[in-house]
Amino acid sequence: MSQQSARTVAIDILNAFDQREGMVQPLLDEHLPRTGYRGHCMDLVLGTLRNLILLDGLIKVYSGRPPQEIDRPLLNILRMALYELLFCVDTADYAIVNEACEEAKRFGKKKSAGFVNAVLRNLQRGLKERDMVEIPDPDDKAILIKPDGHGARFDQSLVAPNANLVNALHQMYSLPRWLIKEWVKTYRKDQAFQICRASNRRASLYVRPNGRKTTATELLAQFKEQDIEASVTDSGLLCVQTPGAVEQLPGYDEGRFSVQDVTAAKVAAGMNLDGVTRILDLCSAPGGKTTHLAELAGDNVEIVATDIDAWRLQRVQENAQRLGLTSIRCLPHGDLEREVADKGKFDLILLDVPCSNTGVMAKRVEVRFRIRPEAVKQLVRTQQEILEQGYAMLRDQGTLCYSTCSIQPSENQDVVQAFLQKHAEMKLVNEILTLPQVEPHDGDGGYFAVMGR
């Protein structure tokens, strides 16, 4: 198959994406092989979806038409072109407009390209500055403060003059109103604003060196030999700046590293493995924390990994094999009760429970379209059930670690406190909440609590 442009493939993915039910990653996996510019294509798709409410609001203003009245292919072309104008400032604006018009010709007659050209020309006139390095007034509603801290200034306000803080953040950062309202209430104005920015960032790629095979310094040198730009973080992970497929990075096939965010890497590192001989990872797929535990334990303890999703559990096995870890044994979820009956309970149990994913919305862009308060309440019930299930399989003097990639107190501190009140013999050893951040190293949000008898 001949290679296609990143914009052509990105438009096809956006047209195929279903906001209500769809997942972005399967579409990326299916279509990215069509282009030689994978990184650019991914950025166009994910960036457009992260900013959909903002983009649609601007299209409505500068086209004079509600977005729902514009043919879907043309609407996605406009959305993506506007995303490029705002966030891809190294690309010349005339090139963005010209390419958008060419894409429009694929889906309609000559007048379709004319319509796209007219709307984008209006947007160009309204966009007074694409990339402000210094923001004179952070409260100016005509200025969009982007995740990198730079600004884009328009000739009119981006929100209604009487919009409150929640509505302003909703319009500018394309996140659910009810969720922003909770953040403002829980974390106050400034932190809520930073969470919104970080939830819309271009998420960096972090890799965790496999301590059984290499070090951060050695892996960095191996990357540099192949002209892969990267840097070592304070936590010992590498932040990779050169775009491309993870599987093509040097050392991947040899199991020298795993992909893991800096926040997710805190979980295994936050547990005391002294005297631990038997570990259960109850919700282990795809295996990032499971393999991290194995590496930290010197691949010298028994780790049972299970997951209710059998297909995803297979990925744990594949990752363990690639990394050369022999201490991990994948067990079908239905066999767990027999495992405990035959071999006894566990010294340490990790419960990385299903959650709302509100800490990882920069990567899981579809979350912003699907998350509802009712769904979070159901998740809390599931989290409580899993915590009780783990507790029942814990040895005397054992340790429970509860973790999520959510930043909602109802899924984190509230669940843990309710559990501790019910089981007075269990004590909180440590808990850490990390909010999504842009600086100094960008990273996801998440929570974990370590409890012991």
Side-chain angles (χ1 to χ4, degrees), residues 47 50-51 53-54 87 132 134-141 143-152 158-159 163-204 206 233-235 239 261-267 270 355-365 367-369 371-373 376 379-380 383 402-417 428 430-449:
R50 286 187 196 110
N51 295 279
I53 293 173
L54 168 71
F87 297 97
M132 301 173 64
E134 294 186 7
I135 312 250
D137 181 5
D139 293 324
D140 187 340
K141 296 300 187 293
I143 297 175
L144 169 69
I145 301 177
K146 296 182 278 189
D148 64 1
H150 293 192
L158 297 173
V159 299
N164 60 24
L165 175 64
V166 171
N167 285 333
L169 292 176
H170 165 72
Q171 184 63 53
M172 288 188 174
Y173 296 101
S174 303
L175 294 159
R177 286 188 182 88
W178 70 268
L179 195 54
I180 297 171
K181 186 176 181 180
E182 284 196 6
W183 292 343
V184 171
K185 180 181 178 181
T186 303
Y187 303 115
R188 306 306 181 194
K189 174 184 175 180
D190 290 345
Q191 279 191 312
F193 169 63
Q194 296 302 330
I195 293 170
C196 290
R197 275 183 59 201
S199 296
N200 276 24
R201 75 190 194 280
R202 290 183 175 102
S204 294
Y206 291 94
T233 69
D234 294 340
S235 58
C239 180
D261 186 78
V262 289
T263 299
K266 292 179 181 180
V267 178
C355 69
S356 63
N357 300 126
T358 54
V360 295
M361 288 196 292
K363 296 173 182 172
R364 298 284 302 276
V365 295
V367 170
R368 69 192 64 217
F369 306 122
I371 189 68
R372 299 286 186 275
V376 174
L379 282 167
V380 168
Q383 292 157 358
Y402 174 90
S403 74
T404 76
C405 52
S406 166
I407 58 171
Q408 307 310 113
S410 61
E411 297 180 81
N412 295 330
Q413 297 94 327
D414 293 354
V415 170
V416 169
Q417 287 303 315
L428 182 64
N430 186 28
E431 68 175 340
I432 293 179
L433 170 70
T434 304
L435 299 178
Q437 60 186 20
V438 178
E439 300 168 329
H441 291 289
D442 77 294
D444 294 332
Y447 169 88
F448 75 92

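Side-chain contact between R50 and Y173 is absent, with no heavy-atom pair separated by less than 4.5 Å. The closest side-chain heavy-atom distance from N167 to V159 is not below 4.5 Å. Counting heavy atoms from C-beta outward, R177 and H170 have side chains that approach closer than 4.5 Å. Side-chain contact between E431 and F448 is absent, with no heavy atoms from C-beta onward closer than 4.5 Å. Side-chain contact between I432 and N430: present, with at least one pair of heavy atoms (C-beta onward) separated by less than 4.5 Å. Looking only at side-chain heavy atoms (C-beta outward), V416 and Y402 come within less than 4.5 Å of each other. In this structure, V184 and Q191 have side chains that are not in contact, with every pair of non-hydrogen atoms separated by 4.5 Å or more. Side-chain contact check for P147 versus R202: every heavy-atom pair is 4.5 Å or farther apart.
R197 pairs by the side-chain hydrogen bond (donor to acceptor under 3.5 Å, both in side chains) definition with Q194, not counting sequence neighbours.
Rounding to the nearest 0.5 Å places CE of M361 at 5.0 Å from CG of L175. The CG atom of L158 sits 6.0 Å away from atom CG of L144, with the distance rounded to the nearest 0.5 Å. Put simply, NZ on K181 and CG on L169 are 14.0 Å apart, with the number rounded to the nearest 0.5 Å.
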Worksheet item: Can you check side-chain hydrogen bond (donor to acceptor under 3.5 Å, both in side chains) on N357 and R368, steps first, answer last?
Response: CA-CA 9 Å; N357 300 126; R368 69 192 64 217; over 6 Å; no

Practice prompt. Show the numbers, then the answer: is there a side-chain contact (heavy atoms from CB on, under 4.5 Å) between L165 and F193?
Written response: CA-CA 9 Å; L165 175 64; F193 169 63; over 6 Å; no

Fill in: Worked verdict on Y447 versus T434 for side-chain contact (heavy atoms from CB on, under 4.5 Å)
CA-CA 6 Å; Y447 169 88; T434 304; over 6 Å; no

Fill in: I143 and I135: CA distance, side-chain angles, deciding distance, side-chain contact (heavy atoms from CB on, under 4.5 Å) verdict
CA-CA 8 Å; I143 297 175; I135 312 250; 4.2 Å; yes

Worksheet item: Hey, mind stepping through K141 and M172 against side-chain contact (heavy atoms from CB on, under 4.5 Å) and telling me if it holds?
Response: CA-CA 9 Å; K141 296 300 187 293; M172 288 188 174; 4.1 Å; yes

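Of all heavy-atom pairs spanning C196 and I180, the tightest one is SG-CG1, 4.2 Å. Counting all heavy atoms, side chain and backbone alike, G445 lies closest to T263 at C-CG2, 4.0 Å. Scanning both residues, Q413 and L433, for their nearest heavy atoms gives NE2-CD2, 3.9 Å. Scanning both residues, L379 and C355, for their nearest heavy atoms gives CD1-C, 3.5 Å. Shortest non-hydrogen contact noted between A362 and A198 is CB-O, 3.7 Å. Residues V262 and S235 share a closest heavy-atom pair of CG1-OG, 4.0 Å.
Sequence neighbours left out, the pairs with a member in residues 437-446 that pass salt bridge (charged side-chain N to carboxylate O under 4.0 Å, His left out) are R201-D442, R201-D444, K363-D444.
Heavy-atom neighbours of D234 CG from other residues, nucleotides or ligands within 6.0 Å: at or below the threshold of 12.
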Donor-acceptor pairs under 3.5 Å, side chain of residues 403-412 to any protein atom, not counting sequence neighbours: which ones?
{"from": "S403", "atom 1": "OG", "to": "D352", "atom 2": "OD1", "distance (Å)": "2.7"}
{"from": "T404", "atom 1": "OG1", "to": "S406", "atom 2": "N", "distance (Å)": "3.1"}
{"from": "T404", "atom 1": "OG1", "to": "S406", "atom 2": "O", "distance (Å)": "3.4"}
{"from": "T404", "atom 1": "OG1", "to": "N412", "atom 2": "OD1", "distance (Å)": "2.7"}
{"from": "S406", "atom 1": "OG", "to": "S356", "atom 2": "OG", "distance (Å)": "3.3"}
{"from": "S406", "atom 1": "OG", "to": "T358", "atom 2": "OG1", "distance (Å)": "3.2"}
{"from": "S406", "atom 1": "OG", "to": "Q408", "atom 2": "N", "distance (Å)": "3.0"}
{"from": "S406", "atom 1": "OG", "to": "E411", "atom 2": "OE2", "distance (Å)": "2.7"}
{"from": "Q408", "atom 1": "OE1", "to": "W183", "atom 2": "NE1", "distance (Å)": "3.0"}
{"from": "Q408", "atom 1": "OE1", "to": "T358", "atom 2": "OG1", "distance (Å)": "3.2"}
{"from": "Q408", "atom 1": "NE2", "to": "E182", "atom 2": "OE1", "distance (Å)": "2.7"}
{"from": "E411", "atom 1": "OE1", "to": "S356", "atom 2": "N", "distance (Å)": "3.0"}
{"from": "E411", "atom 1": "OE1", "to": "Q383", "atom 2": "NE2", "distance (Å)": "2.9"}
{"from": "E411", "atom 1": "OE2", "to": "S356", "atom 2": "OG", "distance (Å)": "2.5"}
{"from": "N412", "atom 1": "ND2", "to": "S406", "atom 2": "O", "distance (Å)": "3.0"}
{"from": "N412", "atom 1": "ND2", "to": "Q408", "atom 2": "O", "distance (Å)": "3.3"}

